[in-house]
There are 2 protein chains.
Amino acid sequence: MGDDTTTDRRKARGRKRRAEIIEATLTVVQRDGAAGVTHRTVAKEAGIPVSLSTYYFATLDDLLVAALTSVAEAYTARIRHIIDHDDDKLRGLAELIAESAGPGRDRALAERELSTLAARRPALRPIARRWRENVAELARHCTDSPSAVAALVAASDGLCTAILIDNAPADTDYVHTVLQQALGVPRETVEQ
Amino acid sequence: MGDDTTTDRRKARGRKRRAEIIEATLTVVQRDGAAGVTHRTVAKEAGIPVSLSTYYFATLDDLLVAALTSVAEAYTARIRHIIDHDDDKLRGLAELIAESAGPGRDRALAERELSTLAARRPALRPIARRWRENVAELARHCTDSPSAVAALVAASDGLCTAILIDNAPADTDYVHTVLQQALGVPRETVEQ
DNA sequence: CACATATTTGAACGATAGTTCAAGTTGTAC
DNA sequence: GTACAACTTGAACTATCGTTCAAATATGTG
């Protein structure tokens, strides 16, 4: 009847709709910022009536929470993949960060908007924190120093901000160099 | 008549009102986030009618721009003061950053909200960028390495984020240690 | 005094917001 | 078929929004 793994096609469609609405929400955030997210703009983006948006997300807050969760999970998955599969994990991280300047800019922008939102809602903090914890775990594969881990995590975050807001140089080599510097690798391998 | 240094008491009162409205705006941002800023909430906070808010700031955008400019300038002034007057400039920066956990939390939160806003408005980027450039200048007093400067700037930003969103440890010593790490000081003086 | 300029006020307009709801449709179980 | 649950729809309610405006007050100038 109502078990978790039901194959009820109605519920399956419901889950799909839910995902579609979240996707439309992220599109709106990327285009107009978190301030542009309303039940109506999201519904229009998804091509559905307004009341269907509220059917799946009773309040606008629920929708934003779901969107943040989704985008954070996607980002976290990327990092986990680097940890598990990349040989040079620091370089993998640098590539991921450098993406924020190119194709991944919209996504990174959305994540910043939503994480800023999280600063004001304690319920969202654990989700926003997960990204940071995963970067820390990646860092622990590169060094034993706790302060080096902290510096790398902070620098990673700061680099993303710089790329998004300052249009800082964002080629992988540059990011990689700065990450190495934060990690404290010997000078002569960093300086030109 | 209309020169800059007029002592016209009417204009003086106008400037004071303008400052009051900006102050009220920042209070609203600190309490409810940038999304909570409306002409009405600001007017209520300032104890004035709505139309007076629009008299000084024709559009809501003008008001947000003015508020961001104000908060960014205050922060920049703090950094400049450290550069010009502190002996241990890195420690001064660490103290400033650590403030974000205590009395300066609201202001730091407001700055993040408003700088996130800047990501979507090119006109605001120069203002948001100034903070970063001043930190870089401070860093250049501590090192000759360009990558060390970049790492310190990025780490400073990331530490603020961590303190605001993750409730990361924020005592001055800890922040100072991480900043030193990013700067690349010899290991033995950093590790415990 | 009159005259001009700057500030202040309350009311109003049109637009859009979140949310609710009763009615309709589709799919599942019996 | 009937009964039931999940999904979908359009319309509506109330609230708040940004902005405008004419009138009132205060201040400076002659």
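For the numbers below, each heavy atom of this structure counts, side chains included, while hydrogens, waters and symmetry mates do not. The sequence lines fix the lettering, A, B, ..., with proteins before strands; numbering per chain opens at 1.
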Could you tell me how far apart B:Glu20 (CD) and C:dT7 (C1') are, to the nearest whole angstrom? 13 Å
Given the options A:Asp173, A:Asp86, A:Thr172, A:Arg91 meets side chain to side chain donor-acceptor pair (under 3.5 Å) only with A:Asp173
For atom CZ of B:Phe57 and atom P of D:dT20, their distance in whole Å: 16 Å
Hey, is the side chain of B:Tyr55 poking within less than 4.0 Å of OP1 or OP2 on C:dT8, counting only N and O atoms? no
Rounded off to whole Å, could you give me the CG-to-C1' distance for the A:Leu60 and D:dT16 pair? 15 Å
May I ask you to say what B:Leu52 touches in the nucleic acid, namely base, sugar-phosphate or nothing, with a heavy-atom cut-off under 4.0 Å? base
Between P on D:dG10 and CD1 on A:Ile48, what's the gap in Å once rounded to a whole number? 12 Å
Rounded to the nearest 0.5 Å, the CD1 atom of B:Ile82 sits from the NE2 atom of B:His141 at a distance of 12.5 Å
Any donor-acceptor N or O pair under 3.5 Å, side chains A:Ser145, A:Ser147: yes
Counting side-chain heavy atoms from C-beta on, which of D:dC7, D:dT19, C:dA6 comes nearest to A:Lys11? D:dC7
For A:Leu63 and C:dA17, give me the distance from atom CG to atom C1', rounded to whole Å. 14 Å
Criterion side chain to side chain contact (heavy atoms under 4.5 Å, CB included) against B:Lys11, the qualifying member of B:Arg15, B:Arg9, B:Arg13: B:Arg15
Name the nucleic acid region contacted by A:Tyr56, choosing base, sugar-phosphate or nothing; use a 4.0 angstrom heavy-atom cut-off, strictly under. sugar-phosphate
Going by side chain to side chain contact (heavy atoms under 4.5 Å, CB included), A:Leu114 matches just one of A:Leu124, A:Thr25, A:Leu26. Which one? A:Leu26
Among D:dC7, D:dT19, C:dG18, which nucleotide sits nearest the side chain of A:Arg10? D:dC7
Does A:Val37 or A:Ser51 map to a spot on DNA chain C nearer the 5' end, using the closest nucleotide for each? A:Val37
Is there a side-chain polar atom (N or O) of A:Thr38 under 4.0 Å from OP1 or OP2 of C:dA17? yes
Separation of C:dA12 C1' from B:His39 NE2 (nearest whole Å): 17 Å
Reading DNA chain D from 5' onward, which residue's closest nucleotide shows up sooner: B:Arg13 or B:Thr41? B:Thr41
Calculate the interatomic distance between B:Asp32 atom CG and D:dT16 atom C1'; express it in whole Å. 15 Å
Which of the following nucleotides, C:dA17, D:dT8, D:dA11, is nearest to the side chain of A:Arg17? D:dT8
If each of A:Arg40 and B:Arg40 is mapped to the nucleotide of DNA chain C with the nearest heavy atom, which maps nearer the 5' terminus, i.e. the 5' end? B:Arg40
Euclidean distance, atom CG of residue B:Asp62 to atom C1' of D:dG18 [Å, nearest integer]: 12 Å
Under 4.0 angstrom between A:Arg9 side-chain N/O and C:dT28 OP1 or OP2: yes
